[in-house]
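Taking it in order: structure first as structure tokens, then the write-up.
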Protein chains: 2
Amino acid sequence: MPPPTLEDIAKETRTSISTVSRVLSGGRAANRISAETRERVLAASKAMGYRPNLLARGLRTRKSHTVALLISDISNPYFGQLAALIEQRLHAQGYSLVLCNAAGDVERETEYLELLPQKAIDGLILVPVSRTKKSLMDVLPENMPLVVLDRPIPGISASVSSDHDHMAQILCDALERVGVKTVAIACGPQNIYTHRRRCELVSKRFKVIDTHEGRAQPETGRAAWQKFQSLRPDAIVCTNNFLAMGVMEEIREPDTCPIIAAFDEIPVMHLLPVPLVAIRQDIPRLAESCVEQLMVQLTGENMNPEPIALSSRVLTNRPFHLRHSFVRHSSR
Amino acid sequence: MPPPTLEDIAKETRTSISTVSRVLSGGRAANRISAETRERVLAASKAMGYRPNLLARGLRTRKSHTVALLISDISNPYFGQLAALIEQRLHAQGYSLVLCNAAGDVERETEYLELLPQKAIDGLILVPVSRTKKSLMDVLPENMPLVVLDRPIPGISASVSSDHDHMAQILCDALERVGVKTVAIACGPQNIYTHRRRCELVSKRFKVIDTHEGRAQPETGRAAWQKFQSLRPDAIVCTNNFLAMGVMEEIREPDTCPIIAAFDEIPVMHLLPVPLVAIRQDIPRLAESCVEQLMVQLTGENMNPEPIALSSRVLTNRPFHLRHSFVRHSSR
DNA sequence: TTGTATGCGTTATCAG
DNA sequence: CTGATAACGCATACAA
């Protein structure tokens with residue numbers, strides 16, 4: 001038995017399809033209907049288990065109450081958390097989320113961007129792999145609500161991310177404080193803003209004795225370690241947590257290894273026997289702000305929200321000074 | 001300027017809307033059209049940047065090429081990875097993914113299940129919080145393709161998960177091998193199959209001196225540690241990785257702590273200074289099999305696929321025997 | 001080989 | 001207050 005439609009209910013209640021529609025859509029239209037028939041329709045629709053067909057409604061209203069989240073790499077737990085929180089907030093606002101994953105690949109990102117307009121998306125949240133404003137505008141419908149997340153794209157104002165320069169600064173400050181002079185950098189792809197920018201800023205503060213670039217995955221961190229191991233930098237800076245995890249996977253003598261500095265958090269940091277400096281971004285607020293920015297566009301309140309840059313915190317796993325005086329310590 | 005429709009192209013090429021439809025739908029219908037007009041239509045549609053409106057198509061064909069993934073708790077990286085892989089494989093098959101997160105809450109799960117039929121979903125992949133076959137059938141459309149992931153639901157044959165009993169067995173074996181006699185269990189909600197079953201099986205093999213149950217989140221692990229700390233069990237068994245992470249967050253004296261045993265992996269395990277036993281499930285194959293099982297249903301090849309139970313591996317972070325003889329070791 | 005006409009389930013417009 | 005009726009964009013059975 002196919003799901004009941006407006007027509008079925010109309011037939012059942014001996015009214016018309018438009019009456020039923022008015023009753024069920026609620027709001028002002030429903031009040032212009034006699035209480036008697038309204039109750040009758042409501043009862044019937046509940047009894048028959050009516051569910052509006054959202055495709056049909058969307059076709060008619062040109063609103064799907066669906067937004068797409070196109071994310072550069074969702075296998076990274078940082079983005080996983082972000083996605084979870086975004087889904088939660090969107091759901092609370094009555095929106096569904098279609099999840100798209102570029103898997104770190106510009107081509108897949110492009111493919112998705114071209115696919116999206118077909119899917120009747122009301123809005124898009126984008127964590128870009130690599131985009132310019134133009135390459136976005138070319139492929140996206142006229143005034144599709146858009147918010148760029150985690151990484152700004154020059155020229156696009158609806159953007160939510162942590163303040164990357166500030167992040168880099170407090171990370172460098174922390175390293176400087178413990179006496180770091182030389183670093184090696186394990187870096188994700190330079191065409192991705194976050195990685196490029198972090199590299200750049202760290203390079204300004206320390207003497208970089210070597211750099212290893214590759215996909216923003218643990219494998220790259222592992223390779224980096226092999227390359228850096230013999231160079232004995234004061235610290236190894238990783239432009240994201242995946243790289244740091246890779247580096248750590250290769251560490252065999254934690255007591256004599258350089259400081260590992262990472263953008264994004266490292267789990268159970270306080271137990272790890274290597275000196276760690278990490279950045280904690282405010283993921284919940286990131287999610288909150290980005291959904292908020294999307295909503296003001298969706299409701300037409302404000303089509304050009306201001307960029308938002310949140311601040312972050314730096315974490316270390318215990319008091320330490322450079323590798324020579326690294327001390328075990330039992331409190332967090 | 002609104003996106004072009006079939007009608008626009010028909011007008012442009014001085015043909016009819018159905019001709020255009022036939023050409024663009026490709027396949028057999030397209031071959032029954034003269035090469036000349038076909039080229040003309042193709043050219044025009046490319047020039048005008050035509051994109052089929054998937055809502056309209058779906059309304060007509062009753063297929064949306066969209067499947068929903070309703071997951072019990074996507075903030076858990078284990079499920080995050082799973083989701084990423086599933087999305088990837090679905091995309092390869094031309095399907096989109098709408099992501100729904102129950103956040104460990106049965107009510108939210110129910111809410112989603114009731115919402116889904118409206119959304120014109122072709123199929124559903126469900127990681128249930130807590131469901132019986134009946135409670136599913138009541139709310140799901142007749143023969144909606146469904147595969148239950150990670151946790152079997154009695155009576156539902158389209159199901160993909162690791163072999164939970166085997167998992168528990170190899171975990172227990174590993175513990176027994178190092179001399180464990182007594183355990184304390186940090187456990188997720190008993191109404192969730194995985195947690196309940198793991199508890200049950202572990203209880204059969206060891207003397208359980210205490211149990212702490214709570215949400216399957218780190219906070220519960222933290223509380224469990226506080227409760228267990230003074231009891232000195234040989235091992236603390238955690239029914240998932242989140243609980244284990246919570247337990248570890250509280251550990252202050254890694255050298256004298258019990259063995260931590262966890263279902264699911266612990267990151268950078270080999271560096272952690274506590275004795276660890278963990279289970280690695282075959283996440284890629286889980287994703288692969290589950291999409292496969294869904295596809296055979298979507299294509300109508302086989303509406304009742306057999307349950308699949310994959311095997312897992314047990315990992316330890318280094319050679320050790322009970323807490324007394326715990327040794328540092330430099331190889332993985 | 002191609003065009004016409006109908007319907008998918010809704011919402012919205014326009015009469016009554 | 002309520003009921004026809006026309007879109008929305010597409011696929012398809014039926015004509016030609």
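Naming convention: chains lettered A, B, ... in sequence-line order (proteins, then strands); numbering from 1 in each chain. All of these numbers come straight from a predicted model, not from anything done at the bench.
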Exercise. Checking only heavy atoms, does the side chain of S18(B) share a donor-acceptor pair with the base of dT4(C) at less than 3.5 Å?
Worked result: yes

Exercise. Can you find a heavy atom in the side chain of Y95(B) that is under 4.5 Å from one in the side chain of L298(B)?
Worked result: yes

Exercise. Within less than 4.0 Å of OP1 or OP2 of dT2(C), is there a side-chain N or O belonging to T37(B)?
Worked result: yes

Exercise. Between dC10(D), dT2(C), dT2(D), which one does the side chain of T19(A) approach most closely?
Worked result: dT2(D)

Problem set entry | Sugar-phosphate only, base, or nothing, as touched by I33(B) at under 4.0 Å among non-hydrogen atoms | sugar-phosphate

Seminar exercise, completed: To the nearest angstrom, the CG-C1' distance between L59(B) and dT11(C) comes to 13 Å

For this session: Assign each of R62(B) and R14(B) to its nearest nucleotide of DNA chain C by heavy atoms, then name whichever residue's nucleotide is nearer the 5' end.
Result: R14(B)

Exercise. Are any of the side-chain heavy atoms of L126(A) and L136(A) separated by less than 4.5 Å?
Worked result: yes

For this session: Assign R60(B) to base, sugar-phosphate, or nothing according to its heavy-atom contacts below 4.0 angstrom with the strands shown.
Result: base

For this session: Mind calculating the distance between CG (N53(B)) and C1' (dG9(C)) to the nearest angstrom?
Result: 14 Å

Seminar exercise, completed: Atom NZ of K63(B) and atom P of dT12(D) are separated, to the nearest Å, by 12 Å

For this session: Compare all side-chain heavy atoms of L69(B) with those of I74(B) and state whether any distance is below 4.5 angstrom.
Result: no

Exercise. Does S34(B) make a side-chain N or O approach to OP1 or OP2 of dT2(C) shorter than 4.0 Å?
Worked result: yes

For this session: Kindly say if R57(B) contacts the phosphate of dG9(D), meaning a side-chain N or O under 4.0 Å from OP1 or OP2.
Result: no

Problem set entry | Protein-nucleotide distance (E39(A), atom CD; dC1(D), atom P), rounded to Å | 14 Å

Exercise. Base, sugar-phosphate, or nothing for S21(B), non-hydrogen atoms under 4.0 angstrom?
Worked result: base

Exercise. Quick one: are L70(A) and L124(A) in side-chain contact, heavy atoms under 4.5 Å?
Worked result: yes

For this session: Starting at atom OH of Y50(A), determine the distance to atom C1' of dT11(C), rounded to an integer number of angstrom.
Result: 10 Å

Problem set entry | Nearest-angstrom distance from the residue atom NZ of K11(B) to C1' of dG9(D) | 13 Å

Exercise. Hey, does R38(A) reach any base, or is it just sugar-phosphate, or nothing, if we go heavy atoms under 4.0 Å?
Worked result: nothing

For this session: Ignoring backbone atoms, establish whether T15(A) has a side-chain N or O less than 4.0 Å from OP1 or OP2 of dT2(D).
Result: no

Exercise. Checking all strands, does I17(A) fall into the base, sugar-phosphate, or nothing category for heavy-atom contacts under 4.0 angstrom?
Worked result: base

Problem set entry | Side chain proximity check, T37(B) to V23(B), heavy atoms < 4.5 angstrom | no

Exercise. Can you check the L6(A) CG to dT5(D) P distance for me, whole Å?
Worked result: 17 Å

Exercise. Given dG3(C), is OP1 or OP2 found less than 4.0 Å from the side-chain N or O atoms of S16(B)?
Worked result: yes

Exercise. Across the strands shown, which category fits R22(A) at heavy-atom distances under 4.0 angstrom: base, sugar-phosphate, nothing?
Worked result: base

For this session: Mind checking S25(A) for me? I need base, sugar-phosphate or nothing, with any heavy atom below 4.0 Å counting as a touch.
Result: nothing

For this session: May I have the distance from R32(A) (atom CZ) to dA12(C) (atom P), rounded to whole angstrom?
Result: 15 Å

Exercise. So do the side chains of Q118(A) and R57(B) get within less than 4.5 Å of each other, counting heavy atoms only?
Worked result: no

Problem set entry | Selection from dG3(C), dC10(D), dT2(D) that lies nearest to any side-chain heavy atom of P52(B) | dC10(D)

